[in-house]
Protein chains: 2
Amino acid sequence: MKSSATAQEVARLAQVSQSAVSRTFTPGASVSEETRAKVMAAAAQLGYRPNAMARSLITRQSRIVALVMSYLENQFYPLVIQTLSQKLQKQGYHVLMFISDLDEADEVMAEILQYQVDGIVLASTMLSPSLASSCAASGVPIVQFNRVADTSATARYGTNAVTSDNRRGGAMVAELLLARGFERIAFIAGLERSSTSVERERGFNEALAEAGHKVYRRAVGDYSFEGAQAATRALFAAEGLPPDALFVANDHMAIAAMDVLRNELALRVPEDVSVVGFDDVPQAAWGAYQLTTVVQSVEKMVAATVELLHGQMRGDAPPRHVVVPCELVLRRSVRPPANASGAASD
Amino acid sequence: MKSSATAQEVARLAQVSQSAVSRTFTPGASVSEETRAKVMAAAAQLGYRPNAMARSLITRQSRIVALVMSYLENQFYPLVIQTLSQKLQKQGYHVLMFISDLDEADEVMAEILQYQVDGIVLASTMLSPSLASSCAASGVPIVQFNRVADTSATARYGTNAVTSDNRRGGAMVAELLLARGFERIAFIAGLERSSTSVERERGFNEALAEAGHKVYRRAVGDYSFEGAQAATRALFAAEGLPPDALFVANDHMAIAAMDVLRNELALRVPEDVSVVGFDDVPQAAWGAYQLTTVVQSVEKMVAATVELLHGQMRGDAPPRHVVVPCELVLRRSVRPPANASGAASD
DNA sequence: TTGAAAGCGATACCAC
DNA sequence: GTGGTATCGCTTTCAA
């Protein structure tokens, strides 16, 4: 048996019309209990399942959402896949994965459109103008996840976005480090052109400035493990006193940084240098490092994404940029206040 | 513009038949340069892309492969997604993701089959007999990745599998630990019913026995982070001398174990206890721990999977169980030989 | 409630 | 090489 049974065959076996079969499998259609029973019996016997391709050809709904990502090394993204996929599955949608380097985005876009997807989620990838316009042209709703293209383009093409409050998150880090009395605070940026890195740095710098401080040293890690390792080496190889605190634009890079600090430079964290990250990676990632980080909730972000997508797919709801608040979670990679070493208060 | 252009419209604009349009977009069809040019121009103008749904309806090929996974916490699996997705994309296939808890496997299966996928990759999930039979019935080739159901079922339904040489890998660990002179070697198992854990343990025990040794203590971690933490606590809380070496059935759990050793029990790795894992997780995961591990190459395993799938989809090639060799990679989580502490030789 | 018939958008087989 | 036509499996009017 190569192909599974068709509605035609089920109809024949059940002694009803093909339409009846169709109705039986269409929620909320009018079928008598009797016919339905006959159809279900026949269907079960033949192992019949409606052909989603044929169905979507006519309903113009594939119930497929495309998820585009550029790389999964960063532990944050697997979590996104899992959460998004599960939430969508509950609503009867499915995720078609596209791994794409940034330069082949247009090619990928063409493939996506062929599958008549109902929506697109763009994660860890910037929406190029050409991509945005081909989306707009095809009328497929698209949500940018975690990163946004420059707002001008977003506004122009009416695209949606879900990000966390990166700017505020960056500020929270600055406030923490200043309150703990650090004096030589360094920063490792991600991809210079990504909105996440830019916003986090902006908030960070603003808060430092407000307190009359400024960043001590700065390097770029391009959101890669290797890049962050190199950036860390550079920050600590420069002449003058080494940094006493380090804000890294995401957890993935923060882990790389701590790896270098501990295993190459023989520095202790947090005794010699404190480290703060950003994102939300599972404990398996930050475990050994007990990384203090600004957590952006995958759960909330994905929920917002699904909701946005839904609204767009129904046709109501205008495009929006949803900003999810984030939260600072203290762990042992930041040195506690000097006057409170040990006991908490009292 | 809601829906994109159809071949019909392109044909009209290009002043050719719809067939000509179809041929233009069918690699290796016979179209004159002239027609092709006319069609391409019209297509470009209308933003035409063939509708994959309609196409697959008639070609009976969706060029979609379903990937079923149960959880992505284990860093090994994101790598699998990425590699598999990229390799398949290169061949014109795409990955439809299904996250499934083991108990809802049948439900998921039904959904998968609706999409007329060309193949199924089952990772981190066991193939239940019912699942296997519904696959066999539908004639969709299926490859079990990394785990296998009991071989009897595999043979019966003629399913494919790709695993690494877990048994030999387990033996390699035993040989290493014995050669280094450890005496109280403990083991943390994964899911007791999974072939990976069973085979790794079997090889491990066999090699120990061959040298006249046996495992000192044993606990079960169920392949979860929390389970492995608890298992580690149990192993070291038992009365008597604590283990001096620990073989953990996968890296994900090994990281959890080392987390407990270091952060809860204040033990040093490898000075107080050596640890060995299994799998192939990225450096971001093992970095701080410098975990010694048996590496099963994702690259090779995925390559084998794609090849298997291909053979099955073409119809030639019999079902096979491909066993990929694995390799022991030494890092600092295992104490070096006592007589060679420091310099390597000389 | 039911069945017959008209497509959805593309491919494949056919004569020309 | 090209254009007509049947067909893929299903949903959806529309009469009955």
Side-chain angles (χ1 to χ4, degrees), chain A residues 1-40 42-43 46-64 92 111 113-118 138, chain B residues 1-40 42-43 46-64 92 113-118 138-139:
Chain A
M1 275 298 117
K2 187 56 191 281
S3 63
S4 52
T6 74
Q8 194 67 255
E9 302 174 299
V10 175
R12 196 154 26 226
L13 180 61
Q15 313 249 45
V16 296
S17 74
Q18 194 216 50
S19 318
V21 178
S22 174
R23 288 197 197 94
T24 305
F25 285 90
T26 304
S30 79
V31 208
S32 71
E33 264 318 313
E34 198 191 330
T35 347
R36 152 171 258 107
K38 282 199 287 187
V39 170
M40 290 307 271
L46 297 177
Y48 170 77
R49 283 271 133 200
N51 182 326
M53 300 290 169
R55 168 180 289 173
S56 64
L57 188 57
I58 190 155
T59 59
R60 315 181 138 284
Q61 280 210 61
S62 59
R63 303 205 74 85
I64 289 179
E111 294 176 37
L113 259 20
Q114 289 198 21
Y115 282 101
Q116 315 295 116
V117 298
D118 292 347
S138 66
Chain B
M1 276 295 118
K2 187 56 189 284
S3 63
S4 51
T6 74
Q8 195 67 254
E9 302 174 297
V10 174
R12 197 155 23 229
L13 179 59
Q15 312 250 45
V16 296
S17 75
Q18 198 212 48
S19 317
V21 178
S22 175
R23 286 195 200 97
T24 305
F25 284 90
T26 305
S30 80
V31 208
S32 72
E33 265 318 313
E34 200 190 329
T35 343
R36 154 169 258 109
K38 281 198 288 188
V39 171
M40 290 307 273
L46 297 176
Y48 169 77
R49 283 272 131 200
N51 182 327
M53 301 289 169
R55 167 182 289 172
S56 64
L57 188 57
I58 189 152
T59 58
R60 317 185 133 283
Q61 280 209 62
S62 59
R63 304 205 75 85
I64 290 181
L113 258 19
Q114 289 199 17
Y115 282 101
Q116 314 296 113
V117 297
D118 291 348
S138 66

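Protein chains get the first letters and strands the later ones, always in sequence-line order, with residue 1 at the start of each.
- Looking only at side-chain heavy atoms (C-beta outward), Met53(A) and Ser56(B) come within less than 4.5 Å of each other.
- The side-chain contact (heavy atoms from CB on, under 4.5 Å) test applied to Ser22(A) returns Thr26(A), not counting sequence neighbours.
- A straight line from CE of Met53(B) to P of dG9(C) spans 13 Å, rounded to a whole angstrom.
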message = For Val16(B) and Val21(B): C-alpha separation, side-chain torsions, deciding distance, then whether side-chain contact (heavy atoms from CB on, under 4.5 Å) applies.
response = CA-CA 8 Å; Val16(B) 296; Val21(B) 178; 4.2 Å; yes

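- Take Ser62(B) and apply the side-chain hydrogen bond (donor to acceptor under 3.5 Å, both in side chains) test, not counting sequence neighbours, and it matches Asp118(B).
- Comparing the local axis fitted to the first five base pairs of the helix from dT1(C)-dA16(D) to dC16(C)-dG1(D) with the one fitted to its last five gives a bend of 40°, rounded to 10°.
- The CZ-C1' distance, from Arg63(A) to dC10(D), rounds to 16 Å in whole Å.
- The closest side-chain heavy-atom distance from Ile64(B) to Tyr115(A) is below 4.5 Å.
- Between Ala14(A) and Ala42(A) the shortest heavy-atom distance is CB-CB, 3.8 Å.
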Heavy-atom contacts, protein to nucleotides 11-16 of chain D, under 4.0 Å, summarised as B (base), S (sugar-phosphate only) or - (none) per nt, yield BBB---

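- Protein atom CD of Gln114(A) is 13 Å distant from nucleotide atom C1' of dG9(C), rounded to whole Å.
- For the contact set between residues 28-38 of chain A and DNA chain C, defined by any heavy atom under 4.0 Å, the members are Ser30(A), Val31(A), Ser32(A), Thr35(A).
- Distance Tyr115(A) OH to dC8(C) P: 23 Å, rounded to the nearest Å.
- In this structure, CD of Gln15(A) is placed 21 Å from P of dT1(C), rounded to the nearest angstrom.
- A heavy-atom distance below 4.5 Å is not found between the side chains of Gln114(A) and Asn51(B).
- For the pair Asn51(A) CG and dT7(D) P, the computed distance is 18 Å after rounding to whole Å.
- Under the side-chain hydrogen bond (donor to acceptor under 3.5 Å, both in side chains) criterion, Glu111(A) pairs with His94(B), not counting sequence neighbours.
- With sequence neighbours left out, the side-chain hydrogen bond (donor to acceptor under 3.5 Å, both in side chains) criterion links Ser17(A) to no other residue.
- Atom CD of Gln8(B) is separated from atom C1' of dT11(C) by 14 Å (rounded to the nearest Å).
- Phosphate proximity of dG3(C) to Ser17(A): present, with a side-chain N or O under 4.0 Å from OP1 or OP2.
- In this structure, CD of Gln61(B) is placed 12 Å from P of dT11(C), rounded to the nearest angstrom.
- Residues satisfying the side-chain contact (heavy atoms from CB on, under 4.5 Å) criterion with Leu46(A), sequence neighbours excluded, are Ala5(A), Glu9(A), Val10(A), Leu13(A).
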What pairs of donor and acceptor atoms, side-chain ones from residues 30-40 of chain B against any protein atom, are under 3.5 angstrom apart with sequence neighbours left out?
unit_1, atom_1, unit_2, atom_2, d
Ser32(B), OG, Thr35(B), N, 3.2
Ser32(B), OG, Thr35(B), OG1, 2.4
Arg36(B), NH2, Thr24(B), O, 3.1

